[in-house]
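Okay, structure first, notes after.
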Amino acid sequence: MLYFSVITICMDEASCIRRTCDSISKQCFVGFEWIVVDGGSTDGTLEILKEYEGDINYLISESDSGIYNAMNKGASKATGDYLIFMNGGDCFASSDALLLASQAPDAKMLYGDIYLGDRCGNLITYPDFLGVDYMLSNRISHQATFYARDVFELAGGYDESFQISADYDLYVRLLKLQKISYYHIPHPIAIFDLKGVSNRGDFRSLKKQENHRVRKKYFKKYRYSWKYWRQEIRGLLRGGS
């Protein structure tokens, strides 16, 4: 039987961590461990997490150097066949999410669809085929993605030099460079918290810069596009690349 590692990172998430915890603790598939990496919350998040200590296999609360440092820290403690990152505020779309993943054909990356905000929000459905043109303009949400632990580790995990787009960078490295196998689970797997860091207005410019960095590095055709030159000019105006 497959064994999953569900990794949750959080920092001062008292207003939303309970829905994340409930969605994990209520999974009907029992073959998983739950790893929680807290960044040193002081708003009551830890007190809420303690209510779920019977379900949590590993909990640490300490400072970190960023989101992806915390996610890599959680992954380093994982023992499952697959890793999925369900961070504070995000949650599984149903109690069957892990069961659906366990029934998928063997592949190094499994991914499902995702709701935005809540179950009444927009449902983003991903294609079965992730070609270069799709990867150039789109990413798969990590909240709905299961990475085989061996390929995640061989890839070196998330590149911590990114603040927002390390998940995009990893997804491109695995699919375009390493050409790993993948399978689309045709069901909603997760609900994406629209109040998360990557969706904040003050991070949108940084997100564009980091996406540009990924595309510039891995997609030759991108370097001949108007988007490429627009970002290059903006970089020059900012005094960087």
Side-chain angles (χ1 to χ4, degrees), residues 4-10 13 16-17 19-20 23-24 27 32 35 37 66-68 70-72 74-75 78 82-94 96-98 100-101 104 107-131 133-149 151-152 155 157-159 162-176 180 182-201 203-204 206-208 210-211 214-215 218:
F4 297 96
S5 295
V6 180
I7 300 167
T8 298
I9 70 161
C10 55
E13 309 276 5
C16 60
I17 193 65
R19 66 171 172 263
T20 304
S23 80
I24 296 170
Q27 288 298 300
F32 73 96
I35 298 166
V37 180
I67 293 171
Y68 297 110
M71 292 169 79
N72 281 337
Y82 287 91
L83 315 178
I84 183 168
F85 297 88
M86 196 60 61
N87 298 334
D90 302 317
C91 57
F92 284 114
S94 74
D96 293 330
L98 291 180
L100 291 167
K108 291 298 185 180
M109 188 182 87
L110 309 173
Y111 62 100
D113 301 327
I114 193 165
Y115 286 112
L116 301 182
D118 55 40
R119 290 183 184 84
C120 296
N122 291 334
L123 175 63
I124 304 300
T125 57
Y126 297 114
D128 294 336
F129 175 66
L130 302 175
D133 287 342
Y134 185 84
M135 285 187 279
L136 177 57
S137 302
N138 302 275
R139 68 174 74 188
I140 304 297
S141 296
H142 70 251
Q143 297 87 346
T145 302
F146 300 84
Y147 295 108
R149 182 164 59 90
V151 300
F152 184 90
Y158 289 111
D159 182 343
F162 289 95
Q163 295 183 55
I164 297 291
S165 297
D167 51 341
Y168 182 38
D169 170 75
L170 177 64
Y171 149 71
V172 172
R173 282 190 284 129
L174 292 178
L175 293 178
K176 188 174 187 295
I180 64 168
Y182 58 86
Y183 176 77
H184 175 225
I185 302 167
H187 298 281
I189 292 296
I191 300 173
F192 175 64
D193 180 17
L194 292 176
K195 297 178 182 177
V197 170
S198 64
N199 212 46
R200 280 167 36 186
F203 276 91
R204 287 176 186 166
L206 176 61
K207 186 175 181 179
K208 288 181 179 180
E210 292 193 346
N211 286 350
V214 173
R215 291 164 179 157
Y218 299 118

For the [atom1] atom of [X] and the [atom2] atom of [Y], what is their distance to the nearest 0.5 Å?
| X | Y | atom1 | atom2 | result |
| --- | --- | --- | --- | --- |
| N72 | I67 | CG | CD1 | 12.0 Å |
| I140 | H184 | CD1 | NE2 | 7.5 Å |
| I164 | F203 | CD1 | CZ | 5.0 Å |
| H142 | I114 | NE2 | CD1 | 8.0 Å |
| D169 | R215 | CG | CZ | 12.0 Å |
| H187 | D96 | NE2 | CG | 9.5 Å |

Minimum heavy-atom distance [X]-[Y], with the two atoms named:
| X | Y | answer |
| --- | --- | --- |
| L98 | Q27 | N-OE1, 3.0 Å |
| M86 | Q143 | CE-O, 3.1 Å |
| I185 | L110 | CD1-CB, 4.1 Å |
| L130 | L175 | CD1-CD1, 3.6 Å |
| A93 | Y115 | CB-CD1, 4.2 Å |
| A155 | L174 | CB-CD2, 3.8 Å |

For the side chain of [X] and the backbone of [Y], is there at least one donor-acceptor N/O pair under 3.5 Å apart?
| X | Y | result |
| --- | --- | --- |
| D113 | Y126 | yes |
| S23 | T20 | yes |
| E13 | G89 | no |
| D90 | F192 | no |

Are [X] and [Y] side-chain neighbours, meaning at least one heavy-atom pair lies under 4.5 Å?
| X | Y | value |
| --- | --- | --- |
| Y171 | T145 | no |
| Y134 | F129 | no |
| M109 | V151 | no |
| I189 | Y111 | no |

Legend entry - Audit row: F162, V214, side-chain contact (heavy atoms from CB on, under 4.5 Å) steps and yes/no: CA-CA 10 Å; F162 289 95; V214 173; 3.7 Å; yes
Inset, instruction - Determine whether more than 12 heavy atoms belonging to other residues, nucleotides or ligands lie under 6.0 Å from atom NZ of K176. - result: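 Yes, enclosed.
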Inset, instruction - Give a yes-or-no answer on whether the side chains of N211 and S165 include a donor-acceptor pair shorter than 3.5 Å. - result: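 There is such a pair between these side chains.
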Legend entry - Residue of the set F32, F146, Y147 for which ring-ring contact (aromatic ring centres under 6.0 Å, His included) holds with F4: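 Of F32, F146, Y147, ring-ring contact (aromatic ring centres under 6.0 Å, His included) with F4 is met by F146 alone.
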Legend entry - Aromatic plane relationship, Y68 with Y158 - under 30° parallel, 30 to 60° tilted, over 60° perpendicular: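 Judged by the thresholds at 30° and 60°, the geometry between Y158 and Y68 is tilted.
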Inset, instruction - Begin with the C-alpha distance, continue with both residues' side-chain angles, and end with the deciding distance and a verdict on salt bridge (Lys or Arg N to Asp or Glu O under 4.0 Å) for D193 and R19. - result: CA-CA 11 Å; D193 180 17; R19 66 171 172 263; 3.6 Å; yes
